[in-house]
Amino acid sequence: MGVSHDFSISTGCIASLLRDKDLDGLSQIVENLRAPGLEVLLLNSWTERIGEIATLFKEVAAPVHSVHGDKRIGGCFGHSDPAERERGIRSFKLAVDVAAQVGAPYLNIHLWDLPDSDDNLDRNLETYERVRAYARENGVRPLIEIVPCRRNTPLENMDRVVEALGDDAAFTVDFEFLSWSQPIEEQIDAIGERHSARILNLHVRDFDGEPFSAEGRRRYIRPGHGRIPYERVIKALEHSAVSRVITLEASYRESHWAQLIHEDLNFVRGHFE
């Protein structure tokens with residue numbers, strides 16, 4: 001592709017192993033991950049101990065390329081209750097603080113999300129407008145993740161974000177989430193042509209058409225084990241020669257989780273190098 005990329009593993013890949021661990025246990029698991037870089041997903045259970053969490057990730061060997069804010073931020077931003085919007089603002093600023101402390105240049109956020117998805121995108125953007133300067137002042141660039149939407153298409157939402165934010169608009173494209181509305185290969189050419197230079201992080205996992213199990217649990221498909229045509233999708237993003245963070249995202253619960261993660265990371269690297 002003519003540019004170098006930073007490869008990263010989301011701590012969300014092993015979120016089930018990290019929950020409720022003491023600091024020593026967290027540190028050991030993260031070091032055992034042997035990641036070339038990290039995206040630190042801020043788990044809800046970490047809220048009351050965020051200072052020690054930031055210290056831990058500041059001291060790990062792997063660079064932190066991005067922090068993923070609380071997934072509830074978008075739902076709060078678009079909420080009709082001002083108190084909920086204020087809660088979202090506090091969560092956003094906390095995530096900015098963590099990113100600044102660990103030296104991460106990017107903060108990944110859901111600008112819209114459940115329960116209302118993008119039904120109130122104007123309100124989501126109005127709330128975000130109140131805090132985006134805070135990120136800039138702290139040297140952190142927010143990336144709007146293109147999560148599932150129900151009122152507009154992903155491309156329409158990206159256009160709306162660019163219209164509202166101008167040069168500040170930048171995105172994370174999640175291969176699975178983009179596939180929810182229609183096959184990713186049917187959307188990616190138009191997205192790449194219009195916004196490739198603004199796409200600075202890719203969340204890479206696969207999709208087989210079923211995001212939930214029969215019991216209603218989220219399913220995360222390992223790269224190469226679903227329907228996504230990786231070469232086709234990646235080629236469509238070459239409209240701009242831009243360096244990106246390439247972040248492995250799936251869910252690994254097996255006893256040999258580290259082996260599987262690095263097998264999948266090598267699979268992903270092979271499509272970009």
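All values below come from the heavy atoms of this structure, side chains included, with hydrogens, waters and symmetry mates left out.
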Value for CG (Leu200) from CG (Leu143), rounded to nearest 0.5 Å, stands at 5.5 Å
Ring-ring centroid check His256 Tyr252, cutoff 6.0 Å: no
_side-chain contact (heavy atoms from CB on, under 4.5 Å) for Leu111 and Val147? Distances and angles first, verdict last._
CA-CA 9 Å; Leu111 177 63; Val147 299; over 6 Å; no
So side chain to side chain donor-acceptor pair (under 3.5 Å) across residues 7-25, not counting sequence neighbours, yields none
Inset, instruction - Evaluate the side-chain proximity of Thr247 to Val204: yes if any heavy-atom separation is below 4.5 Å, no if none is. - result: no
Do Gln187 and Ser179 have side-chain heavy atoms sitting under 4.5 Å apart? no
Joint hydrophobic cluster, Leu114 plus Ile146, side-chain heavy atoms closer than 4.5 Å: no
In terms of heavy-atom contacts, Pro36 and Ile9 come closest through CD-CD1, 4.1 Å
> Using 4.0 Å as the upper bound for N to carboxylate O, is an ion pair formed by Arg232 and Glu186?
Replying inline: no
- Measure the acute angle between the ring planes of His5 and Phe272, then classify it against the limits of 30° and 60° as parallel, tilted or perpendicular. perpendicular
Same cluster or not: Ile221 versus Phe177, using hydrophobic residues (I, L, V, M, F, W, Y) connected whenever any side-chain heavy atoms lie under 4.5 Å apart?
no
What one should report as the nearest heavy-atom pair of Phe77 and Thr127 is O-OG1, 2.9 Å
**Request:** Test salt bridge (charged side-chain N to carboxylate O under 4.0 Å, His left out) on Asp118 and Arg160 and set out the steps.
**Result:** CA-CA 11 Å; Asp118 59 332; Arg160 180 71 183 86; over 6 Å; no
Practice task
Taking the six-membered ring of Phe212 (Phe, Tyr or Trp), confirm whether the NZ or CZ of Arg217 is under 6.0 Å from its centre and within 45° of its axis.
Solution key: no
inquiry  = Counting only heavy atoms not in Glu254 (residues, nucleotides, ligands), do more than 12 fall under 6.0 Å from its CD?
reply    = yes
Exercise. Would you sort out whether His79 and Arg87 count as a side-chain contact (heavy atoms from CB on, under 4.5 Å), showing the intermediate values?
Key: CA-CA 10 Å; His79 205 283; Arg87 185 161 76 95; over 6 Å; no
I'd like to know if Tyr220 and Leu43 are part of one continuous hydrophobic network [Ile/Leu/Val/Met/Phe/Trp/Tyr, side-chain heavy atoms within less than 4.5 Å]. no
*Trace of the side-chain contact (heavy atoms from CB on, under 4.5 Å) decision for Trp112 with Asp119*: CA-CA 9 Å; Trp112 63 91; Asp119 288 354; over 6 Å; no
Charged N to carboxylate O under 4.0 angstrom, Arg72 versus Asp113?
no
dist Asp70:CG -> Asn44:CG (nearest 0.5 Å) comes out at 5.0 Å
* Taking everything shown except Glu48 itself, do over 12 heavy atoms lie less than 6.0 Å from its CD? -> no
When every non-hydrogen atom of Trp180 is compared with those of Pro211, the smallest separation belongs to CZ2-CB, 3.3 Å
Distance col, row Arg132:CZ vs Leu125:CG, nearest 0.5 angstrom, shows 9.5 Å
For Arg219 and Glu176, the nearest pair of non-hydrogen atoms, with its separation, is O-OE2, 4.0 Å
Review point. Does the Asn124 side chain pair with the main chain of Gly74, one donor and one acceptor, at a distance under 3.5 Å?
Key: yes
State, with a plain yes or no, whether a side-chain heavy atom of Ser251 is found less than 4.5 Å away from one of Cys13. no
Derivation of the side-chain contact (heavy atoms from CB on, under 4.5 Å) call for Leu178 and Val173:
CA-CA 7 Å; Leu178 198 59; Val173 164; 4.0 Å; yes
Exercise for the section: Would you mind reporting whether Val40 and Val102 have side-chain heavy atoms less than 4.5 Å apart? Expected result: no
Hits for side chain to side chain donor-acceptor pair (under 3.5 Å) against Arg194, two or more places apart or cross-chain, chain-then-number order -> Asp159
> Hey, is Arg205 close enough to Glu249 for a salt bridge, meaning N to O under 4.0 Å?
Replying inline: yes
What one should report as the nearest heavy-atom pair of Ile199 and Arg244 is O-NE, 2.6 Å
Residues passing the side chain to side chain contact (heavy atoms under 4.5 Å, CB included) test with Lys93, sequence neighbours excluded, are Ile89, Val131, Tyr134
For Tyr106, the ring-ring contact (aromatic ring centres under 6.0 Å, His included) test, sequence neighbours excluded, returns none
Derivation of the salt bridge (charged side-chain N to carboxylate O under 4.0 Å, His left out) call for Glu126 and Arg85
CA-CA 10 Å; Glu126 287 170 5; Arg85 295 199 294 275; over 6 Å; no
query: How about Tyr128 and Leu165: do any of their side-chain heavy atoms sit closer than 4.5 Å?
result: yes
message = Do Leu260 and Ile14 land in one hydrophobic cluster if side-chain heavy atoms of ILVMFWY residues count as linked below 4.5 Å?
response = yes
Side chains of Leu38 and Leu33: does their closest heavy-atom pair fall under 4.5 Å? yes
Q) With a cut-off of 6.0 Å (strictly less than), are more than 12 heavy atoms of other residues, nucleotides or ligands near CZ of Arg49? A) yes
Residues 28-40 vs side chain to side chain donor-acceptor pair (under 3.5 Å), sequence neighbours excluded, gives Gln28-Asn32, Glu39-Ser66, Glu39-Asn201, Glu39-His203
**Request:** Decide salt bridge (charged side-chain N to carboxylate O under 4.0 Å, His left out) for Lys71 and Glu145; before the verdict, give the C-alpha distance in whole Å, the side-chain angles of both, and the deciding distance to 0.1 Å.
**Result:** CA-CA 10 Å; Lys71 294 181 179 181; Glu145 183 172 354; over 6 Å; no
The ring-ring contact (aromatic ring centres under 6.0 Å, His included) partners of Phe175 (sequence neighbours excluded) come to Tyr230
Between the CD atom in Glu193 and the CG atom in Leu155, the distance rounded to the nearest 0.5 Å is 10.0 Å
Taken to the nearest 0.5 Å, the spacing of Cys76 SG from Phe92 CZ works out to 13.0 Å
dist Thr47:OG1 -> Leu94:CG (nearest 0.5 Å) comes out at 7.0 Å
Smallest heavy-atom separation, Thr153 atom then Glu156 atom, equals N-OE1, 2.9 Å
Query raised in the report: For the ring pair His239 and His195, is the centre-to-centre distance below 6.0 Å?
Result: no
Worksheet entry | Basic-acidic side-chain contact under 4.0 Å: Arg227, Asp206 | no
- Message: Salt bridge check, Arg141 against Asp168: does any charged N sit closer than 4.0 Å to a carboxylate O?
- Response: no
Practice prompt. State, yes or no, whether a side-chain contact exists between Ile228 and Val233 at a heavy-atom distance under 4.5 Å.
Written response: yes
